[in-house]
2 protein chains.
Amino acid sequence: MKIMRKLIVSMALLCLACVINAQDYYKTHRESWLKKAEEAKPELFQTTYSPQYLVKSVADPIAFQGWKMERFDDMSYLYDQSFKKVKEVIVDFGKHMTGFYTFHLKTTDKAQDAPIRIKFTFAEVPAELNTSLDPWKGTLSRAWMQDEIITVSQIDQDITIPRRISGRYMKIELLAAPPDFDFALTNMYFTAYSSAKEVKTTLQDNVPQDIREINDVAIETLRECMQTVYEDGPKRDMRLWIGDLYLESLANMYSFQNHELTKRCLYLLAGLAAEDGNLHANIFEKPEPHPQYSSYCLSYNLLYNVTLLEYLKASGDMETAKDLWPVVKRQVEDAMSYLDENNIFNQNKKGYVWLFFDWRDGLDVSTPMQGLMIFALDKSYELAKILNKEDEVRDWPLVSKNMAKAARKELYDKNRGIFLSGSNNQISSMSQIWMIISGVLNQKESQKALKTTLSMDDAVYPGTPYAYHYLIEAMVACGMNEEAKEYMRSYWGAMVKKGADTFWEQWDPENEFLSPYNFFPVNSYCHAWSCTPVYFIHKYPEVFQK
Amino acid sequence: MKIMRKLIVSMALLCLACVINAQDYYKTHRESWLKKAEEAKPELFQTTYSPQYLVKSVADPIAFQGWKMERFDDMSYLYDQSFKKVKEVIVDFGKHMTGFYTFHLKTTDKAQDAPIRIKFTFAEVPAELNTSLDPWKGTLSRAWMQDEIITVSQIDQDITIPRRISGRYMKIELLAAPPDFDFALTNMYFTAYSSAKEVKTTLQDNVPQDIREINDVAIETLRECMQTVYEDGPKRDMRLWIGDLYLESLANMYSFQNHELTKRCLYLLAGLAAEDGNLHANIFEKPEPHPQYSSYCLSYNLLYNVTLLEYLKASGDMETAKDLWPVVKRQVEDAMSYLDENNIFNQNKKGYVWLFFDWRDGLDVSTPMQGLMIFALDKSYELAKILNKEDEVRDWPLVSKNMAKAARKELYDKNRGIFLSGSNNQISSMSQIWMIISGVLNQKESQKALKTTLSMDDAVYPGTPYAYHYLIEAMVACGMNEEAKEYMRSYWGAMVKKGADTFWEQWDPENEFLSPYNFFPVNSYCHAWSCTPVYFIHKYPEVFQK
């Protein structure tokens, strides 16, 4: 016990020294990192889309969130007659797009002598257009909703709404119709942007149609999120989060292979780290790159390290990996400072620290974090070895081993073969998932833990595609290949069956209205962390392409 | 009777010939006229205004339309604290302005991670901010109201609302407040434009204060309406109407003396005349100069002639007057085609023709039109003489004389000494006014007609400053100088007392909510046709400057 205390004191002193070193290092490198991020900024490719046809909303209890769109006429119905007669219409562009919408009002009788006012509401999914938004119930900004009221003082010219829009459907409502002249709404188009170009991977010929469709929707999801950073969602948030970056960069490796974008994001996050070298969980590009200062999410910071390792493996870019190695070290050292004397990660050791794993009310994250940290430690050490930096981090394998031991000792219910989490011994898929991914359990134990938990009605099950990603990863890791495929089919496949053009931020087949923000229309329906089927399908063809 | 018929037939043939000639003439001149209009386009002078202080709306039965603004704090109240706390505020810029509004949202805590939505409502008068606009009751476009909802995706930069705004007050309401960061509204300014520069006339030292104030407000009204044309109202309509042009050009002669602007407007109207050479009552400048095709207002067309005459007298620009002489001729010839065999103007001779004199429900305009046409004929002939064109229009003095005779014979109630109008023998100020201005009545008869009518409770009295202009003109014309001054004081002076920064489109002290458009907030509260006190005060100093 005395030895243990000494070890802790010396580790703490070491950490303090590390912080000081890290501060110096960041000071001298911040600028060059941001410059490298700027240099790696991708070109945005522009595609112009025309509306496909007019649709109407139809209530349907089987449709996603109770609404579907039915085609009712061609665009000529709108373009060829007075908009004062049409008054309200919904346009379907046929696909999810991110960019800018342009319309044209054409005088058809006399001359415009008053402004016209039109409300445009853009939507990713039908229910967004069929749910009363006010009074606003969401916990995020009401302004995320894409309803824009435009006063048109001068018609007979193209007008582009200055706000970047993301969606497939557009409702148009005439709010102010001047009495003394007539006009038609015509020549609409959408200028879509993405930094993704062609897909560089293909599927085997015999891949089942539903897997093929899941793959396609995953690719579209990623494409829409690939802007000048990997955005989490092009409709809402529109920014770089580490957790999304990790999954997007994996999906990118098996699709667009635009590794420069990954490099840019890694450099941006490094260049915008806090003074002590800890990363911020999310950052913004405009007007100048800057972090969300208050965002510190330790589970995400550790995934940065894994992202850099996977980037190195995919790109072979040793220079970047070496350049950013101190960032990797700093995140591990920071995480280690939360370990208690039993080698258990203690979320409250230094005041509460945010650990994100899933949107699921009441999920206890202590056991998942124990697993994630072991996983990240091992991956970070793997990176150290590739970079010949083992000497700097000789203690990491031991810390990882001790944490694994501690997990088995403190968190594992041997009798039932499952991990528990927190003071209330919560049973969740997430605890098993991370203990499997981290290799704490052997294959047999892993399968038992996961199968047991998934069969329990009262266990906390995953709530988002982000969590399902790790579930599939865990299943593949422990040889539950059939189940992995089955879960992909039943989870992402169900979104496709429900009409998804892109995969959603939150999807719980038991409750289509679930929202982390207390109001489902503000959910993102094209969300980065949902795009990983393309990764699974191509990384594990023997599992998913059969 | 036979001779009369022959005369009519030959006049009709003459008119047909004239139309053909006019068409040819316009064809060859239209382009050069529009070119000259473009060359005379004035520079817009830019002035930047800062908000003066914050105000709150206070209900007050004595205040104009029941509302006044009371100062409640300095701008620092708004600028120095979270706008999420302020939520709603009214800003007073201290004066009426026309141009563009710019604001700046400054991050004060963390970083912006969601769009903000703010509603800005601009107003010329307090009641605009204190009257529920929806459901909309006006007969003009709801979009004239200056409420704009702006989604701000990126703060920490200046943002200018793209719509041109006109007003003094601005209400700001925070519609969407993102929870995770804080910001302040700061650094607002208004970039105002006008083509008017310095005032070139001064008042005598002993001018009473109230006249001085009326003069100042008139000048501000004109300044705001002087853009790249004489606009009728910078908030609503924003275009060139002949009736407003006439009065604005008169006021301009006694203030800014920017005769180039008058020239531009005369050329624009000529260049955009209909194929038969008749003018359109109003025209637009953008995207290319074009008329309101359906607008044909014969009372206005005849005032075009008077405007050109007065322009020539003020500027000495013979070249323009000669160039546009055929336009003058055409308008007179057109008007003459409406005369019946008794030399009475017949509004329905060729189908109904629009004759504007005032916004006053039920006003019969047949007698006023008889007077206006005589006045315009005489003024047009005066122009002909200056241009040595009498030979072309030898019949005009006779037509004028016959019309005057006919008026006395058919429309005059000799017993009561007043003119009647229409089949119901309507008694209105407007009928007397135009018979006085046209010189049909002598001074004694004029005074009798006007005084009698003004003393009658059931006579139709003027409803707008446009009509009051002609009332004052008629009073001066017949030597009712004291009354002229009294009416100016009680009419325009009452607006000043009610807090007018600029004079209003409609003002009836008996009913402050009167509106030609069924809803008073859409009235223009800075309206060109109300600016003529500056003309009267300087043209007739012996009447108004004492």
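Order of the sequence lines fixes the chain letters, A, B, ..., with proteins taken first and strands second; residue numbering starts at 1 for each chain.
Within the 3.5 Å criterion, the main-chain N or O of A:Ile116 finds no donor-acceptor partner in the side chain of B:Ser141. Side-chain atoms of A:Arg163 never come within 3.5 Å of backbone atoms of B:Thr151 as a donor-acceptor pair (strictly under, hydrogens ignored).
Dense packing is recorded around CG of A:Asp134, with more than 12 heavy atoms of other residues, nucleotides or ligands lying under 6.0 Å away. Heavy-atom contacts from other residues, nucleotides or ligands closer than 6.0 Å to CD of A:Glu88 number more than 12. The number of heavy atoms from other shown groups lying within 6.0 Å of NZ (B:Lys106) does not exceed 12.
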**Report entry** Step-by-step salt bridge (Lys or Arg N to Asp or Glu O under 4.0 Å) determination, B:Asp156 to A:Lys286
**Finding:** CA-CA 10 Å; B:Asp156 293 311; A:Lys286 291 178 186 169; over 6 Å; no
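By the 4.5 Å heavy-atom criterion applied to side chains, A:Pro287 and B:Gln154 are counted as neighbours. Within the 4.5 Å cutoff, no side-chain heavy atoms of B:Leu175 are placed close to those of A:Arg142. Looking at heavy atoms from C-beta onward, B:Gln292 lies out of side-chain contact with A:Gln112 at the 4.5 angstrom threshold. Proximity of A:His290 to B:Thr107: side-chain heavy atoms (C-beta onward) are nowhere separated by under 4.5 Å.
Note: A:Pro115 leads A:Pro179, A:Ala177, A:Ala114, A:Pro115 in heavy-atom pairs under 4.5 Å with chain B. Per-residue counts of heavy-atom pairs under 4.5 Å with chain B were compared for A:Pro178, A:Ala176, A:Ala111; the largest is that of A:Ala111. Top candidate by heavy-atom pairs under 4.5 Å with chain A, chosen from B:Trp144, B:Phe284, B:Phe181, is B:Trp144. Contact count against chain B (heavy-atom pairs under 4.5 Å) is highest for A:Asp147 among A:Val152, A:Ile149, A:Asp109, A:Asp147.
For A:Pro291, the part lying near chain B is the backbone, with the side chain staying farther off; criterion is any non-hydrogen pair under 4.5 Å. Of the two parts of A:Met145, only the backbone, made up of N, CA, C and O, holds a non-hydrogen atom closer than 4.5 Å to a non-hydrogen atom of chain B.
Summarising the geometry, atom CG belonging to A:Asp113 is positioned 9.0 Å from atom OG belonging to B:Ser295; distances are rounded to the nearest 0.5 Å.
Contact between A:Lys110 and B:Ser294 at its shortest, heavy atoms only, is CD-OG, 3.1 Å.
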